[in-house]
Amino acid sequence: YSEWTSALNAMLLDAKVGKCHDKEAIGNLLAEVAWETAYFTALYQPRDGGAGLIHMIPSNWLPNTRDMDALWPGHGFTEQARAGCRSDF
């Protein structure tokens with residue numbers, strides 16, 4: 001869990017997110033993650049192919065990675081998603 005926690009803290013500290021000291025936002029985020037994952041027991045939804053700590057259907061993956069590329073250039077999120085995803089991308 002330390003890798004996940006470190007990544008969460010890095011995201012919250014990022015100036016473009018700016019939520020490191022916002023206890024309400026952090027609580028809301030963690031509550032949503034707990035809800036979306038059935039209290040961290042499910043990371044994949046076979047009914048629609050959605051996956052992740054925040055449930056996301058496959059048709060939203062690329063638009064979101066493009067947004068991430070715009071916020072954090074140089075990481076190639078869209079390229080990584082295309083390389084590791086199914087043919088319906």
Side-chain angles (χ1 to χ4, degrees):
Y1 295 107
S2 66
E3 184 178 336
W4 186 86
T5 304
S6 294
L8 174 63
N9 286 329
M11 182 269 298
L12 293 169
L13 279 167
D14 189 293
K16 292 176 182 158
V17 176
K19 296 293 181 181
C20 186
H21 299 290
D22 186 338
K23 290 182 182 183
E24 183 177 356
I26 293 168
N28 289 340
L29 172 65
L30 293 174
E32 184 66 24
V33 169
W35 173 258
E36 293 286 346
T37 61
Y39 297 93
F40 307 100
T41 63
L43 299 179
Y44 176 72
Q45 173 54 263
R47 278 195 341 220
D48 61 15
L53 290 175
I54 299 292
H55 180 86
M56 185 180 302
I57 58 174
S59 62
N60 290 335
W61 291 351
L62 282 181
N64 279 279
T65 59
R66 286 192 291 269
D67 290 343
M68 291 168 61
D69 282 335
L71 286 169
W72 298 284
H75 292 279
F77 295 113
T78 302
E79 291 173 24
Q80 291 177 53
R82 283 191 177 123
C85 292
R86 303 182 315 252
S87 62
D88 60 348
F89 250 39

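The structure presented is a predicted model; accordingly, all values stated were derived computationally and were not measured.
- Going from atom CH2 of W4 over to atom OG of S2 covers 12.0 Å, rounded to the nearest 0.5 Å.
- Of all non-hydrogen atoms in V17 and L12, the two that sit nearest each other are CG1-CA, 4.3 Å.
- I26 CD1 to N9 CG: the interatomic distance, rounded to the nearest 0.5 Å, is 8.0 Å.
- Side-chain atoms of T65 come within 3.5 Å of backbone atoms of L62 as a donor-acceptor pair (strictly under, hydrogens ignored).
- Summarising the geometry of L13 relative to C20, their closest heavy-atom pair is CD2-SG, 3.4 Å, with the distance given to 0.1 Å.
- To the nearest 0.5 Å, the span separating CD on E24 from CG on L29 amounts to 12.5 Å.
- In this structure, CZ on F40 lies 13.5 Å from CH2 on W35, to the nearest 0.5 angstrom.
- Shown here for R66 and T78, the closest heavy-atom pair between the two residues is N-OG1, 3.3 Å.
- Judged by distance alone, the side chain of Q80 and the main-chain N or O of H75 form a donor-acceptor pair under 3.5 Å.
- More than 12 non-hydrogen atoms from other residues, nucleotides or ligands lie less than 6.0 angstrom from CD of E32.
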Discussion item. Pair E3, L8 - check side chain to side chain contact (heavy atoms under 4.5 Å, CB included), show working.
Written reply: CA-CA 9 Å; E3 184 178 336; L8 174 63; over 6 Å; no
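- Between the side chain of K16 and the backbone N or O of L71, at least one donor-acceptor pair lies under 3.5 Å.
- In this structure, W72 places its CH2 atom where more than 12 heavy-atom neighbours from other residues, nucleotides or ligands lie under 6.0 Å away.
- Across all non-hydrogen atoms, the minimal contact from D69 to F77 is OD1-N, 2.8 Å.
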